[in-house]
Amino acid sequence: MALSIGIVGLPNVGKSTLFNALNGGGAEAANYPFCTIDPNIGIVPVPDKRIDALSAIVKPQATQHAIVEFVDIAGLVAGAASGEGLGNKFLANIRECAAIAHVVRCFDDENVTHVAGKIDPLSDIEIIDTELMLKDMDGVQKGLIRIEKLARTGDKEAKTQVEVFKKVNQGLEDGIPVRRQGLSSDELAMVKELCLLTAKPVLYVTNVDDGSLPDGNAYVEQVRSFAAQEGAGVAVVSAQIEAELVEMDEESRTEFLADLGLSEPGLNTVIREAYTLLDLISYFTAGVKEVRAWTIHRGDTAPKAAAVIHNDFEKGFIRAETIAYEDFVALGGEARSKEAGKMRLEGKDYVVNDGDVMHFRFNV
């Protein structure tokens with residue numbers, strides 16, 4: 001499964017600059033081209049040095065990183081939910097995304113106009129949240145009409161769903177995003193079909209000046225404090241620096257990052273924070289044809305992990321031949337790992353660990 005992240009933010013916060021930097025690929029993905037599907041969607045390889053180490057051992061015909069799909073929409077403005085600006089036209093594009101990356105301006109620059117005339121990250125967040133909540137209210141109310149009709153036929157499940165829809169709608173009217181309404185897993189499952197924007201986990205991408213790297217500034221601290229209240233992630237980047245990095249060769253990029261006190265591009269941090277936020281991990285398949293990373297949820301069993309390759313792998317699952325990444329690398333590959341007794345045969349109940357190197361046996 002590809003991790004899909006929708007990018008939102010006010011105009012002039014650095015959202016487009018950040019997306020364009022993604023378009024260039026970034027340092028970790030320098031050898032893996034960014035693929036533009038349409039003007040608003042881009043696919044970026046997930047930075048993971050482990051897959052490079054595996055490839056160095058196996059020497060496959062191809063290497064495939066896990067990927068992240070970024071969906072960029074026009075900057076939102078107050079009134080977007082009712083049609084103001086361009087952003088409203090594209091909100092539907094991010095409904096299927098697993099998470100929201102909310103780019104927040106955290107730098108002063110009199111040459112870059114702010115739509116509100118002042119730098120106030122928390123106010124900016126409130127504007128975006130309000131517009132997303134208004135869009136969600138519209139979806140909940142339309143869904144409520146449909147479910148109420150079904151409930152009137154005596155459908156017990158629909159009657160329960162009506163109460164949940166009403167509860168969610170009231171929370172939105174009170175200015176509380178769905179993710180902060182304290183809904184149970186069952187309640188969230190009942191509204192899942194609506195793909196509510198404010199139900200999605202949020203990663204706040206604080207866009208700072210280069211002097212505020214790598215730790216941030218007073219504006220970032222405001223965002224961190226706010227994010228802690230809802231369990232959201234925070235990444236500190238300079239969109240302008242990221243755009244400059246894309247234009248450099250590898251040696252210049254490394255020197256430039258070192259001068260800034262950074263070990264890697266900020267875009268890597270964005271992707272890593274998104275994985276943490278969504279509790280995702282990677283496992284690997286490693287053969288002479290291809291070494292590849294696969295994204296799963298932490299806690300997934302071997303059959304579920306197999307399903308991301310092909311549904312038939314899960315349906316006909318027999319067992320998984322598994323080697324820990326550390327053993328595979330330390331021993332120099334599959335054959336020596338087998339000889340050392342480090343390959344395990346795992347069944348249907350096995351919970352996959354981050355970095356497992358796996359080969360699935362199945363029969364359909």
Side-chain angles (χ1 to χ4, degrees), residues 1-3 5 21-35 42-70 101 203 205 213-214 233 235-237 241-242 245-246 248-298 300 305 308-309 322-334 336-337 342 352-359:
M1 69 182 192
L3 170 60
I5 301 175
L22 288 165
N23 190 358
E28 186 73 15
N31 295 322
Y32 300 88
F34 176 100
C35 174
I43 292 177
V44 183
V46 174
D48 192 334
K49 294 179 180 178
R50 295 177 300 178
I51 197 169
D52 299 321
L54 291 173
S55 293
I57 293 170
V58 178
K59 296 179 174 56
Q61 296 172 20
T63 299
Q64 177 65 62
H65 285 241
I67 59 173
V68 178
E69 179 183 86
F70 285 93
L203 171 64
V205 182
L213 292 171
V236 181
V237 303
I241 291 296
E242 297 302 314
L245 285 169
V246 168
M248 298 180 185
D249 59 42
E250 186 173 351
E251 184 178 349
S252 299
R253 189 183 298 122
T254 301
E255 291 179 3
F256 188 46
L257 286 169
D259 289 343
L260 293 169
L262 303 173
S263 60
E264 62 180 356
L267 297 179
N268 290 13
T269 306
V270 171
I271 295 172
R272 190 163 48 248
E273 287 292 336
Y275 262 59
T276 300
L277 181 67
L278 294 167
D279 210 15
L280 300 175
I281 61 173
S282 295
Y283 77 87
F284 306 103
T285 51
V288 292
K289 288 188 176 181
E290 181 183 66
V291 168
R292 183 165 183 166
W294 303 88
T295 302
I296 60 172
H297 289 97
R298 190 180 303 278
D300 279 354
V308 304
I309 299 176
T322 307
I323 304 171
Y325 166 79
E326 292 79 6
D327 291 332
F328 193 101
V329 173
L331 293 166
E334 181 179 316
R336 290 180 181 175
S337 296
K342 295 298 184 180
V352 178
N353 291 310
D354 186 30
D356 276 350
V357 182
M358 309 188 77
H359 179 72

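Numbers here simply count residues along the sequence, with the first being 1.
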Would you name the heavy atoms of Gly266 and Val237 that are closest together and state the gap between them? O-CG1, 3.5 Å
Starting at CG of Leu262, measure out to CZ of Arg253 and round the result to the nearest 0.5 Å. 13.5 Å
Side chains of Val329 and Ile57: does their closest heavy-atom pair fall under 4.5 Å? yes
Heavy-atom closest contact (Leu277 atom, Gly233 atom, distance): CD1-N, 3.8 Å
For Lys342 and Asp327, work out which heavy atoms get closest and say how close. CD-OD2, 3.6 Å
The reported gap from CG in Asp52 to OG1 in Thr63 (rounded to nearest 0.5 angstrom) is 7.5 Å
Side chain proximity check, Leu245 to Ile241, heavy atoms < 4.5 angstrom: yes
Find out whether Pro214 and Leu260 are in side-chain contact, i.e. whether some heavy atom of one side chain is under 4.5 Å from a heavy atom of the other. no
Are side-chain heavy atoms of Arg272 and Thr269 found at a separation under 4.5 Å? yes
Heavy atoms only: give me the nearest Ala21-Val246 pair and the separation to one decimal. O-CG2, 3.3 Å
pair Val46-Val68: side-chain heavy atoms closer than 4.5 Å: yes
Can a donor-acceptor pair be found, under 3.5 Å and without considering hydrogens, that links the side chain of Arg292 to the backbone of Gln64? no
Looking at residues at least two apart in the chain, or sitting in another chain, which of them share a side chain to side chain contact (heavy atoms under 4.5 Å, CB included) with Thr276? none
Please list all pairs meeting salt bridge (charged side-chain N to carboxylate O under 4.0 Å, His left out) that have one or both residues in residues 55-68, counting only residues at least two apart or in different chains. none
Are Val308 and Thr295 packed together at the side-chain level, in the sense that at least one heavy-atom pair is separated by less than 4.5 angstrom? no
Check the pair Asp354, Tyr325 against side-chain contact (heavy atoms from CB on, under 4.5 Å), reporting the backbone distance first and the verdict last. CA-CA 9 Å; Asp354 186 30; Tyr325 166 79; over 6 Å; no
Spacing of CZ belonging to Arg50 relative to CD belonging to Glu326, to within rounding of 0.5 Å: 8.0 Å
List the atom pairs, with distances to 0.1 Å, where a side-chain N or O of residues 278-289 and a protein N or O form a donor-acceptor pair under 3.5 Å, not counting sequence neighbours.
unit_1: Asp279; atom_1: OD1; unit_2: Arg298; atom_2: NE; d: 2.9
unit_1: Tyr283; atom_1: OH; unit_2: Ala305; atom_2: O; d: 2.8
unit_1: Thr285; atom_1: OG1; unit_2: Trp294; atom_2: NE1; d: 3.0

Under 3.5 Å, side chain of Asp249 to main-chain N/O of Ser252, donor-acceptor pair present? yes
The reported gap from CG in Leu213 to CG in Leu257 (rounded to nearest 0.5 angstrom) is 9.5 Å
Value rounded to 0.5 Å, distance of CD1 in Ile271 from CD1 in Ile5: 7.5 Å
CD1 of Ile43 to CD of Glu69, rounded to nearest 0.5 Å, is 5.5 Å
